[in-house]
Number of protein chains: 4
Amino acid sequence: MSGTAARGDAVRRPALREILGPVPAWGTPGTHNAITDVPGVRVGHVSVSAEGPHCTGVTAILPHGGDLFREKLPAAATVINGYGKMTGLAQIAELGTLETPILLTNTLAVGSAWDACVGWMLSRFDRDEDPIRSINPVVAECNDGRLAEIRERSVTAEHVSRALDDAADGPVAQGCVGAGTGMVAFGWKSGVGTASREVILDAGRFVVGALALPNLGTPEQLVIRGVPVGRRLPRPPSLDGEEGSIVVVVATDLPCSHRQLGRISRRAAVGIARTGGTGDGTSGEFAVAFGTANRLPPMQAAMLTERRLDDRAGTLDPVLRAVADATEEAILSALFTAVTTLGREGCVATALPIARVIACLEDPVLGSSRRA
Amino acid sequence: MSGTAARGDAVRRPALREILGPVPAWGTPGTHNAITDVPGVRVGHVSVSAEGPHCTGVTAILPHGGDLFREKLPAAATVINGYGKMTGLAQIAELGTLETPILLTNTLAVGSAWDACVGWMLSRFDRDEDPIRSINPVVAECNDGRLAEIRERSVTAEHVSRALDDAADGPVAQGCVGAGTGMVAFGWKSGVGTASREVILDAGRFVVGALALPNLGTPEQLVIRGVPVGRRLPRPPSLDGEEGSIVVVVATDLPCSHRQLGRISRRAAVGIARTGGTGDGTSGEFAVAFGTANRLPPMQAAMLTERRLDDRAGTLDPVLRAVADATEEAILSALFTAVTTLGREGCVATALPIARVIACLEDPVLGSSRRA
Amino acid sequence: MSGTAARGDAVRRPALREILGPVPAWGTPGTHNAITDVPGVRVGHVSVSAEGPHCTGVTAILPHGGDLFREKLPAAATVINGYGKMTGLAQIAELGTLETPILLTNTLAVGSAWDACVGWMLSRFDRDEDPIRSINPVVAECNDGRLAEIRERSVTAEHVSRALDDAADGPVAQGCVGAGTGMVAFGWKSGVGTASREVILDAGRFVVGALALPNLGTPEQLVIRGVPVGRRLPRPPSLDGEEGSIVVVVATDLPCSHRQLGRISRRAAVGIARTGGTGDGTSGEFAVAFGTANRLPPMQAAMLTERRLDDRAGTLDPVLRAVADATEEAILSALFTAVTTLGREGCVATALPIARVIACLEDPVLGSSRRA
Amino acid sequence: MSGTAARGDAVRRPALREILGPVPAWGTPGTHNAITDVPGVRVGHVSVSAEGPHCTGVTAILPHGGDLFREKLPAAATVINGYGKMTGLAQIAELGTLETPILLTNTLAVGSAWDACVGWMLSRFDRDEDPIRSINPVVAECNDGRLAEIRERSVTAEHVSRALDDAADGPVAQGCVGAGTGMVAFGWKSGVGTASREVILDAGRFVVGALALPNLGTPEQLVIRGVPVGRRLPRPPSLDGEEGSIVVVVATDLPCSHRQLGRISRRAAVGIARTGGTGDGTSGEFAVAFGTANRLPPMQAAMLTERRLDDRAGTLDPVLRAVADATEEAILSALFTAVTTLGREGCVATALPIARVIACLEDPVLGSSRRA
């Protein structure tokens, strides 16, 4: 397995926004309509192999480009449906901080990604005068065992390190790359998707970004901008297994606290529900959110002074809605950018038939409602 | 304030199902399409006054008709968005049981409803040989202060007792009755709504019922069966205040445990999201679920033997989906059955303009997608 | 029932500190060794009746002397053992703030205290130009039904208002006053207890105060400064019922966030365990903590600037230890100050036999270990 | 690094029970006074190296000897102080089950232990006709970086597999073995400790077992059976670093549910507090409990029938107290059985000076109180 550092190598398909056009109800995306629109955030993907039994990979989200361990960020996570294996949750809840990249990979690769993350952190940030002896990697997973021979555990430390090293800001490759390589959602080939929203508050302009790894849902559940497309499309070839799950990573440059990031992370569930997800029993659904505005200084002063939004009234509403919107679009974008993929033992996951989807969405009446 | 025991006194409007007709994707409702389709469950409403400054009320859900204190039921609750005042949550989480009716009322009436519930329980179930000295009332609230002069606290113990005494099985009055009297959702007059679903499992046929008290959302957020109706309707006259919230009560006769009822209660959030709710910052959103199959026997034997579903695989999925569906329909039904209401100081909450809604929903293309 | 505003009317008994003398290991108490050593905090008690069937009461803790609703404080709560009925928890968790006094009373009086709290808040803080339409009272309870005829619900709105109006800073009456009137702990008469600790950090000198309402434990469980006194004392006359519980209120003037107050509130459990509490199944155990340093300004600016401790390293340790110590002392102080009490139907709860306790604690060897 | 399968190779020191003699207040231990007294439970240790830079290891607790994946057990976990890295918590909370062994190791070895656990599970339990594609390893850690060169990450898959393969019932090696190799608690060398209690209920005789990995506390905090021994002993040589933490594993053969195991796991905190732990800010404290009585059958039937205790009244109390007692003894036993250890770069962790401790505990007056 060589591992491909994939940033843009997906077969070109019309992206969601090209099909939908501007959607006023959905707000204004940032420059790249990606989580990287939040300044400092970087994303890296390594696909272990685009096809065949090792059709899997890893995606890394770096919250900033500095010393992640010593300049921690406020963060919070939410367990929407706990049948999954996200690591690091207890420490995030207790200390309210993120001190590593966030890694997404397949279900049985969590341990090796965790270990590789520790290795990468030590190689980057360990210092003689202040050695690191505890690290809290945040690793989340979806199960790509319908396509990949997941039990071979083909994600290595080298794959993980490469995803971390190659992480970059700017446009983000979507679809069948990185952790998205083996995803299947609503019966169709899925992958990684991302989106962002500008938020205008009295206090200024901020950005909310979401990156989703959708692997959930049955064919009939799929909903696109309210249209129950899943009930109108031909049924995709079925794959064995009832695996499901989704991970959503949310970033914002709004100054906010751990508690507020908890509120923010919980709105990912709204975006998931809008695409038809019902939280089936075997679907692990997790969201993690971090804020880049209050980077903790290197530990020294006993007291910190921090700015944050006052959220006693509805001041946080535009942000919460932006999380729902960006999550919804990120999920759909994962489906629109993914391509038909050949997995283990001849298993094929079929790309969403975009022409058929467009036929639904571009229907004069229906389509106009889509863009309301 | 006299208080009206309202069960069916709402002005007659075409109900949601009459407009939508059968909706295959939404599953099969029970006999009354109401939470009372779960055998044993009873609902009672008292409207303090249908109009004017005391435009408020109380709704009682009785989980069964026996000694609620000694024959407790398994139960669980979920805080979707915690800006609210539901009582009883800690004990439900610790002991996993419900031992009282569930009361819904206005925000500032929680204390008096709690106290009245205790009085009613003592008058009903207290016994010389086994006195009750601890009761855990479950009282939830939504804020009707946009219509009612909520600070006058006009819900009395007598209103609460009447709602409890009058609770009955069979059809449930919806709309502007009981706790629904002063509700406003998505800018339109709201109320109480209910719905139910049949669920066919290998182990048999079961029923899931939901009762919702929707008081959330802005006009542009309203979505009906995927159609963003809120963006097409004329804007309703605005009411001051940013109050929001929703309470959902879920019942089922499926044999399940506290943990499983936790999973069940969490799916109310999916139904809420489908109607356009985004969990705004000032919207308190809570769900509570109980199961009627494992009624605890009077305390005596040290060991209990209980049946429950094995939910390691997707066996619970039809139930989880039914919760989402029934919650969605219950919310919409509250809007469709509510009527224009005159509140305090000339405030008017306008009924959802059904003809305009139907125009959207009955559009040949759009309408058919609604029923997919 | 007249209700006695009791601040200092308990029969005089040697206080814990008079017996123990200085206890270096326990740190330095504040001026009054009371929760009121945290500047701004006020405590008020009303005993409904010191004896007989109405042997119950209410205790109010006011976090500051200003407009509690508009100048909220950061707060957090912990459910140690959830068999209890504390209100307000969900909103504290979601918004991270306290906006009312904290009320302690008997189990079946939670509703009336909640309602009375709303009434008092409205009478104090409601303003024409900015009406209050939602309040989140924090009411906790212990069960005094072994002494009081709890089902008569003799705590009225007038009792509650008086406790709130009379709340004062300075020395705090302990023992059989307010909510402590009917408490029984470890088989002996209990009551209200309080203690405080100075905490010296790099950032300055701060105070931690605790107020406890102990109603938990069996006679043999009682431990005083490590000595299993409960196993050496004569057995107290038994009272029927297995009621238990404890509420601990923690205050500090340290600048800290909701999350940090969560950590602080959780350490009350350490103090409880040191006195012999094991969290029996029927014992509801709750703690709530608030910080007075970051009083929220009246809502207006979108952004707040707040100071707080950086707790990534062990900087919070002195505070966490102070919470454990102050809670332990507050519990013991409740026992030492309570007096033998005649309750309903001739039930008598006997005061801790201090001479016998001293005999254990003043034993030359044992006593010295107590003061280590 | 060879790795030593250590089961009994610790230098012989007088065990806690030999010193204390029978302690009536502490209840009756099972046959081996170990977690393995719960039928079916197995423990295995591998010490990577007893001394020097690789002074670390891994301990495996197997809940039963069958197919752990298909015959899951009810389980629950508690985060007492979340500054730690325990994996598997979300799935345990959602599904209520344990499907793997529980592994204890050092902080930076969590990933490799997780990965090794997956490998071991697949090699043991994977079947052609029913392949495993998702596994939820439960790995907890304490930080042995004061003694070990933790950043070298010397725990390998082979070490983990050996601990799992060698796991056995019967007596359990304690002290400096397995994950205990590099532990330090209250300033003294610590290790692995275990204890058990018989519990007699109306429904029969049951066993509660605890295994602790104590790595927490400062020297002056140590308390042994109420005596503040830590304040009387000479101060141990200090080691750099403020690492702390403790993991407690609780097992019982009592038939109980996930919710009840949650209650059970929470009582580990009582045992920790009794030994002087105050939950310092940098101390990660976790407990996990499982029940062996309700082994889930291989998935097939939709409905399960399970027995469990009725815990509405105080029926669970003897079990909850046994958890506190067994946890307390397990922690002390880890200290009593550990030996002076030479770690990295000449760091030495000194064994608890038992003669000095006995001098405190055997003092005629003090000692008698210890055994009350």
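Protein chains get the first letters and strands the later ones, always in sequence-line order, with residue 1 at the start of each. A quick note: this is a predicted structure, and the numbers were derived from the prediction, not measured. In what follows, every heavy atom counts, from backbone to side chain, and hydrogens, waters and symmetry copies are set aside.
Judged by a 6.0 Å distance limit and a 45° cone about the ring axis, C/R225 is positioned over the six-membered ring of C/W26.
Within the 4.5 Å cutoff, the side chain of C/S245 has no heavy atoms near those of the C/E285 side chain. Between D/P29 and D/R17, some side-chain heavy-atom pair lies under the 4.5 Å cut-off.
Taking chain C as the reference chain and counting heavy-atom pairs below 4.5 Å, the highest number among D/P318, D/A324, D/G281 is found for D/G281. Ranked by heavy-atom pairs under 4.5 Å with chain D, the list C/G279, C/A273, C/G276 is led by C/G279.
D/D325 places no side-chain N or O within 3.5 Å of a backbone atom of D/T327 that could act as its donor or acceptor partner. C/E329 places no side-chain N or O within donor-acceptor distance of the main-chain N or O of C/A326, the cut-off being under 3.5 Å. Judged by distance alone, with hydrogens and angles left aside, the side-chain atoms of D/S190 form no donor-acceptor pair with the main-chain N or O of D/M183 at under 3.5 Å. Counting only distance, with no hydrogens or angles, the side chain of D/N215 and the backbone of D/A185 share no donor-acceptor pair below 3.5 Å. Although no hydrogens or angles enter the test, the distance criterion places no donor-acceptor pair under 3.5 Å between the side chain of D/R205 and the main chain of D/V199.
Of all residues in residues 74-86 of chain D, those placing a non-hydrogen atom less than 4.5 angstrom from a non-hydrogen atom of chain C are D/I80, D/N81, D/Y83. Identified by a heavy-atom distance below 4.5 Å to chain D, the contributing residues of residues 263-272 of chain C are C/R263, C/R266, C/R267, C/V270, in residue-number order.
With a threshold of 4.5 angstrom between heavy atoms, C/D280 approaches chain D through its backbone and through its side chain.
Between the CZ atom in D/F206 and the CG atom in D/L201 there is a gap of 6.0 Å [rounded to 0.5 Å].
Here the shortest heavy-atom pairing between D/R307 and D/N294 reads O-ND2, 2.9 Å.
The pair D/E328-D/R274 meets the salt-bridge criterion, with a side-chain N (NZ, NE, NH1 or NH2) lying under 4.0 Å from an Asp/Glu carboxylate O.
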